[in-house]
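In what follows, a structure is listed as structure tokens, so that the remarks can point back to it.
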Amino acid sequence: MLADSIAVLDFETTGLSPTQQARATEIGVVIVEGGQIVARYQSLMNSGAWVPPFIEQLTGISNAMLRTAPPAAQVMAEVADFVGERPLLAHNASFDQKFWDAELALIRRKRVQPFACSLLLARRLLPMAPSHKLGNLNRWAGLPDTGKAHRALADAEMAANLVSFMAALLRERHGIAEVSHQLLCTLQRVPTAKLSQALHKLREQSC
DNA sequence: TGCCAGGCCCTCTTTAGGGCCTT
């Protein structure tokens, strides 16, 4: 289990990047403490952006659903307070970090904590998995079905279960006694060719 | 109403190209 309390988040959006005018349509966040999900937040968010048909088909989130959703600014203020200063984690964090930072900037707030990435960690710790897509990794690892894929809370719960799975692997297979968010951030930047050395060093440091 | 990013990582590499991953 992870040594600290972390927030695992997932955005559904209208596209791939806020630099291309894409906006968030839904956010899901789970708080993980002691290897357990102890709190959840999920909300659709209405930014006024148009959802393309491809995205509507992928996520099931329609323009009609967003018309009655709370304003994006209200949701972002609520979810930023919900997360607080907990360190963050997402699957392919570079994607969610861009939207988190961009949506916060629109309400004149700034991220105060680092992001860890379960995709970078899975590529290092689970190189034998045939695919590192979030849903495929969860099925491959035999983790619980969390609901409809490509909805924010279900995907956040999948990422949370995946990071707990990898934390257990670090403890049981690699002998690292205390797996913290900071350790995950260190590990995700280790070049894959130097992974064995890095794991050995981390094991020595944790004893 | 609609075009299409960017970081990581491997290899047939490093003065590059292409697949993977996120919506």
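As a basis for the values below, the full set of heavy atoms in this structure was taken, side chains included, without hydrogen atoms, waters or symmetry mates. Keep in mind that what you see is a predicted model, and the values were worked out from it rather than measured. Order of the sequence lines fixes the chain letters, A, B, ..., with proteins taken first and strands second; residue numbering starts at 1 for each chain.
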If you measure from CZ on A:R124 to CG on A:L195, what distance do you get to the nearest 0.5 Å?
7.5 Å
Please measure how far the P atom in B:dC4 lies from the corresponding atom in B:dC21, and state the result in whole Å.
24 Å
Rounding to the closest angstrom, what is the interatomic distance between B:dG19 and B:dT13 at atom P?
16 Å
Please tabulate, for the side chains in residues 141-149 of chain A, all donor-acceptor contacts under 3.5 angstrom to protein atoms that are two or more places apart in sequence or on a different chain.
unit_1: A:D145; atom_1: OD1; unit_2: A:G147; atom_2: N; d: 3.1
unit_1: A:T146; atom_1: OG1; unit_2: A:A154; atom_2: O; d: 2.8

For A:D101, what residues pass the salt bridge (charged side-chain N to carboxylate O under 4.0 Å, His left out) criterion, not counting sequence neighbours?
A:R111
Separation of the C1' atoms in B:dC12 and B:dG18, to the nearest angstrom:
12 Å
On DNA chain B, check which nucleotide each of A:R124 and A:T19 is closest to and give me the residue with the more 5' one.
A:T19
Distance between P atoms of B:dC9 and B:dC3 (Å, rounded):
33 Å
Extract from the structure each pairing of a protein N or O with an N or O of nucleotides 20-23 of chain B at less than 3.5 Å, listing the distance.
unit_1: B:dC20; atom_1: O2; unit_2: A:R123; atom_2: NH2; d: 3.3
unit_1: B:dC21; atom_1: OP1; unit_2: A:H132; atom_2: N; d: 2.5
unit_1: B:dC21; atom_1: O2; unit_2: A:N92; atom_2: ND2; d: 3.0
unit_1: B:dT22; atom_1: OP1; unit_2: A:L134; atom_2: N; d: 2.7
unit_1: B:dT22; atom_1: O4'; unit_2: A:N92; atom_2: ND2; d: 2.9
unit_1: B:dT23; atom_1: OP1; unit_2: A:D155; atom_2: OD2; d: 3.3
unit_1: B:dT23; atom_1: OP2; unit_2: A:H150; atom_2: ND1; d: 3.4
unit_1: B:dT23; atom_1: O3'; unit_2: A:E12; atom_2: OE1; d: 2.7
unit_1: B:dT23; atom_1: O3'; unit_2: A:T13; atom_2: N; d: 3.1

Residues touching DNA chain B, which here means a heavy atom under 4.0 Å, drawn from residues 180-198 of chain A:
A:T192
Heavy atoms of A:R23 and A:A72 approach each other most closely as NH2-CB, 3.9 Å
Please determine, by modelled atom types, if A:R86 and A:S5 share a side-chain donor-acceptor pair under 3.5 angstrom.
yes
Can you list, pair by pair, the side-chain donor-acceptor contacts under 3.5 Å of residues 185-193 of chain A, counting residues two or more places apart and other chains?
unit_1: A:T186; atom_1: OG1; unit_2: A:Q182; atom_2: O; d: 3.1
unit_1: A:Q188; atom_1: OE1; unit_2: A:C117; atom_2: N; d: 2.6
unit_1: A:R189; atom_1: NH1; unit_2: A:C185; atom_2: O; d: 3.3

Going from CG on A:D96 to OG1 on A:T13, what distance comes out if it is rounded to the nearest 0.5 angstrom?
8.5 Å
Distance, P atom - from B:dT1 to B:dG7, rounded to whole angstrom:
33 Å
Tell me which pairs pass ring pair (Phe, Tyr, Trp, His ring centres under 6.0 Å) where either residue lies in residues 139-188 of chain A, with sequence neighbours left out.
none
